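Structure first, then comments.
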Amino acid sequence: MKSLIYTLIAMFLLFLGLQQMSLSTNTAQNVFIMSWLALALFVVGGNLVHYLYRNKKGTKRSKVQNVQRIKQKKKQNMTLH
């Protein structure tokens, strides 16, 4: 869920930044603008990929494994007493 929030924040900042940029400037400023846009798109894309491809099954498995471990410990404690 954090990555979705980070994506929305990055997209908002990208929107604000695009309003301040113009490509009718000299070459050095154009290079800076293009590199800034590329990095901003990498941030947005990376957060989206993280959100879309997060390990959903692995978290469920670990919860199930934790429950199974707790049950085993309870059984062991019951057999000791």
Side-chain angles (χ1 to χ4, degrees):
M1 190 60 155
K2 286 183 187 179
S3 59
L4 183 61
I5 294 170
Y6 295 152
T7 302
L8 292 174
I9 292 170
M11 288 173 64
F12 177 71
L13 292 174
L14 182 61
F15 174 74
L16 291 178
L18 286 174
Q19 292 177 353
Q20 302 296 322
M21 295 179 191
S22 67
L23 294 176
S24 62
T25 60
N26 63 13
T27 306
Q29 288 177 344
N30 283 340
V31 169
F32 175 77
I33 289 171
M34 292 300 169
S35 61
W36 188 88
L37 287 174
L39 290 174
L41 291 176
F42 285 144
V43 168
V44 170
N47 283 317
L48 279 176
V49 166
H50 183 338
Y51 178 73
L52 294 174
Y53 294 108
R54 67 185 185 274
N55 191 3
K56 297 174 188 174
K57 292 182 180 180
T59 56
K60 290 181 182 178
R61 287 181 188 162
S62 64
K63 288 180 182 178
V64 170
Q65 288 174 352
N66 287 339
V67 170
Q68 289 175 349
R69 288 179 191 161
I70 291 170
K71 286 181 181 179
Q72 287 176 354
K73 286 181 181 180
K74 285 183 180 179
K75 285 181 184 179
Q76 289 174 354
N77 288 339
M78 291 178 72
T79 57
L80 293 175
H81 294 289

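This one's a predicted model, so the numbers in the text were calculated from it and none came from an experiment.
Taking NZ of Lys74 as the reference point, atom NZ of Lys71 lies at 9.0 Å (rounded to 0.5 Å). Rounded to the nearest 0.5 angstrom, His50 NE2 and Lys2 NZ are separated by 9.5 Å.
For the side chain to side chain contact (heavy atoms under 4.5 Å, CB included) test with Asn47, the passing option among Val43, Val49, Val44 is Val43; the others fail.
Apart from Leu39 itself, the hydrophobic cluster it occupies contains Phe42, where clustering links Ile, Leu, Val, Met, Phe, Trp and Tyr at side-chain heavy-atom distances under 4.5 Å.
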Would you mind writing out the side-chain donor-acceptor pairs for residues 31-38 within the sub-3.5 Å range, not counting sequence neighbours?
from, atom 1, to, atom 2, distance (Å)
Ser35, OG, Val31, O, 3.1
Ser35, OG, Phe32, O, 2.9

Which side-chain N or O atoms in residues 8-18 pair as donor and acceptor under 3.5 Å with protein atoms at least two apart or in another chain?
none

